[in-house]
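Some notes on the structure that comes next.
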Amino acid sequence: MSTANQQFASDNYSGICPEAWEAMARANQGHDRAYGDDQWTSRAADHFRQLFESDCEVFFAFNGTAANSLALSSLCQSYHSVICGDIAHIETDECGAPEFFSNGSKLLVARTEQGKLTPAAIREIALKRKDIHYPKPRVVSLTQATEIGTVYQPDELRAISDTCKELGLHLHMDGARFANACAFLGLSPAELSWKTGVDVLCFGGTKNGMAVGEAILFFNRDLAEDFEYRCKQAGQLASKMRFLSAPWVGLLEAGAWMKYAKHANSCAQLLASLIGDVPGVELMFPVQANGVFVSIPPLALEALRSRGWMFYTFIGVGGARFMCSWDTSEERVRQLADDIRSVVMDNL
């Protein structure tokens, strides 16, 4: 497989991993029941329950925006609010979808430290006002791994969960890169979700080798009441659901989800190590998942783009973001690092 066109702008640029592709091919043999009553959807849900050591409720959606928005809408009434980080994806990149699907639940933005919410920041927002004129805080939403590639430790999650319990708040986790967090910490999915107090997790598949598809896991099963109706109303109930769920079987049944997350993380670590000594280049945040955020002189960034490299100068953070994927090649990482070094040295 050629890697000559691999880019680092987003892990969404990558294709479909072999395990997901092969599972879809197997699901394509003959007929099966529609709307999630098929064997593949049942198998995928059972794989999640086994992986998470939990009899959780499992649902499938096409993308992360729908998964997050519908999950939050199930936790809120329209007069409630959701506390999230100042760079949270639901705040900066989901076009008001959480507010839309919840019929108006307001997002309340809290300050973060290294991309992470803290109990103090949550308490500050939740206790700011308690009168009837203010949207009542009902949910805390955090992202694991965060939007800047940092990872919540279990003790940090437990502290947030304890704060939520104290304040009567539910805890939602946007896990678009949850696999990368598990890979970095070497901990089980259970240890980073319900065992630390998470009520609902949106587990990302798209960034871990799938074409489309996210899983929504309710560890607090009471919160999943009528959730299938929300999915249907929002256009997320696929008629041929097996093609959303079969790739999950491919990813989960033999541990490919972890293999690819580890690989993406290691490629990010490699890139960080190769450019760490370049004059004028500075790592902005710890490299813990599959993203590398670096401060690079503007002229060097322009020169890097002129050499054909694609990357984002990240919203609200500054600097350049380089994302590694399940299929990123070490050779391509080294090419990028060499070009970063070259353009920076040329512009000194």
Side-chain angles (χ1 to χ4, degrees), residues 8-11 64 68 82-94 107-126 139-164 169 171-187 189 191-193 196-198 201-202 204 207 261-262 264-273 275-276 278 280-296 311-324:
F8 294 83
S10 173
D11 35 8
N68 284 330
V82 177
I83 298 171
C84 65
D86 47 16
I87 58 170
H89 199 271
I90 60 172
E91 163 68 12
T92 65
D93 290 277
E94 294 189 353
L107 300 184
L108 301 178
V109 177
R111 57 187 171 82
T112 55
E113 298 176 9
Q114 295 284 289
K116 295 186 277 190
L117 288 170
T118 64
I122 292 168
R123 193 173 282 107
E124 178 184 355
I125 297 294
V139 181
V140 169
S141 177
L142 55 83
T143 311
Q144 177 77 310
T146 73
E147 288 78 8
I148 57 172
T150 51
V151 171
Y152 286 92
Q153 298 284 338
D155 60 335
E156 293 174 313
L157 294 175
R158 280 189 288 269
I160 289 173
S161 173
D162 289 345
T163 301
C164 289
L169 306 173
L171 182 55
H172 162 263
M173 178 178 283
D174 175 352
R177 298 183 179 93
F178 181 75
N180 302 93
C182 292
F184 174 73
L185 293 173
L187 296 174
E191 290 172 308
L192 288 183
S193 57
T196 58
V198 174
L201 165 69
C202 296
K207 294 175 172 62
K262 285 181 177 179
N265 287 4
S266 69
C267 286
Q269 291 286 346
L270 175 61
L271 178 60
S273 69
I275 63 175
V278 178
V281 173
E282 183 178 351
L283 292 175
M284 300 175 65
F285 310 106
V287 179
Q288 297 178 338
N290 61 321
V292 182
F293 291 77
V294 290
S295 174
I296 299 177
F311 53 89
Y312 287 118
T313 48
F314 203 59
I315 300 168
V317 174
R321 184 190 78 166
F322 299 94
M323 297 301 300
C324 297

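Side chains are part of it too, since the values below use all heavy atoms of this structure and drop only hydrogens, waters and symmetry mates.
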K207 side chain reached by M323 side chain, heavy atoms, under 4.5 Å: no
Heavy atoms, side chains only, cut-off 4.5 Å: are V109 and I125 in contact? no
Whether E156 and R158 form a salt bridge (side-chain N of Lys/Arg under 4.0 Å from carboxylate O of Asp/Glu) is what I want to check. no
Rounded to the nearest 0.5 Å, what's the gap from CZ on F285 to CZ on R321? Could you check? 12.0 Å
Provide the closest heavy-atom pair for S141 versus I90 in the form atom of the first, atom of the second, distance. OG-CD1, 3.7 Å
Can you check whether V294 reaches V292 side chain to side chain, under 4.5 Å on heavy atoms? yes
Determine yes or no for a side-chain-to-main-chain donor-acceptor pair under 3.5 angstrom, with K116 supplying the side chain and V151 the backbone. yes
dist S266:OG -> K262:NZ (nearest 0.5 Å) comes out at 10.5 Å
Using side chain to side chain contact (heavy atoms under 4.5 Å, CB included), reason through Q144 and L157 one step at a time and then give a plain yes or no. CA-CA 10 Å; Q144 177 77 310; L157 294 175; 4.1 Å; yes
Heavy-atom closest pair (I275 atom, V281 atom, distance to 0.1 Å) is O-CG1, 3.9 Å
So, for P189 and C182, which heavy atoms are closest and what is the spacing to 0.1 Å? CA-SG, 4.0 Å
Y312 versus A9, closest heavy-atom pair with distance: CD1-O, 3.2 Å
As an exercise, state the distance from CG of N68 to CG of D93, rounded to the nearest 0.5 Å. 11.0 Å
Could you pull out the closest heavy-atom pair between C324 and A268, with the gap in Å? SG-N, 3.5 Å
Can you tell me how far the CD1 atom of I296 sits from the OG1 atom of T313, to the nearest 0.5 Å? 11.0 Å
Consider side-chain contact (heavy atoms from CB on, under 4.5 Å). Of L107, V139, V140, which one does I83 pass it with? V140
With a 4.5 Å limit on heavy-atom distance, are the side chains of I160 and Y152 in contact? yes
Side chain to side chain contact (heavy atoms under 4.5 Å, CB included), that's the test. Do F178 and L201 meet it? Break it down for me. CA-CA 9 Å; F178 181 75; L201 165 69; 4.1 Å; yes
Give me the ring orientation class for F311 and F322: parallel if the planes are under 30° apart, tilted from 30 to 60°, perpendicular past 60°. tilted
Under a 4.5 Å cut-off applied to non-hydrogen side-chain atoms, are L142 and D174 in contact? no
Side chain to side chain contact (heavy atoms under 4.5 Å, CB included) for T196 and S161? Distances and angles first, verdict last. CA-CA 7 Å; T196 58; S161 173; 5.8 Å; no
Rounded at 0.5 Å granularity, tell me how far CD in Q288 sits from CD1 in I148. 9.0 Å
Do the side chains of T143 and M173 get nearer than 4.5 Å, heavy atoms only? no
Any chance the side chains of N265 and N290 put a donor and an acceptor closer than 3.5 Å? no
From I122 CD1 over to L169 CG, what is the distance, rounded to the nearest 0.5 angstrom? 8.0 Å
With heavy-atom distances below 4.5 Å as the criterion, would you say the side chains of P286 and T150 are in contact? yes
Can you name the closest pair of heavy atoms from M284 and S295 and give their distance? CG-N, 3.6 Å
As a quick check of understanding, evaluate side chain to side chain contact (heavy atoms under 4.5 Å, CB included) for C202 and H172, giving each step before the final call. CA-CA 8 Å; C202 296; H172 162 263; 3.5 Å; yes
Check whether any side-chain heavy atom of L185 lies under 4.5 Å from a side-chain heavy atom of P154, and answer yes or no. yes
Does a donor on one side chain sit under 3.5 Å from an acceptor on the other, for H89 and E147? no
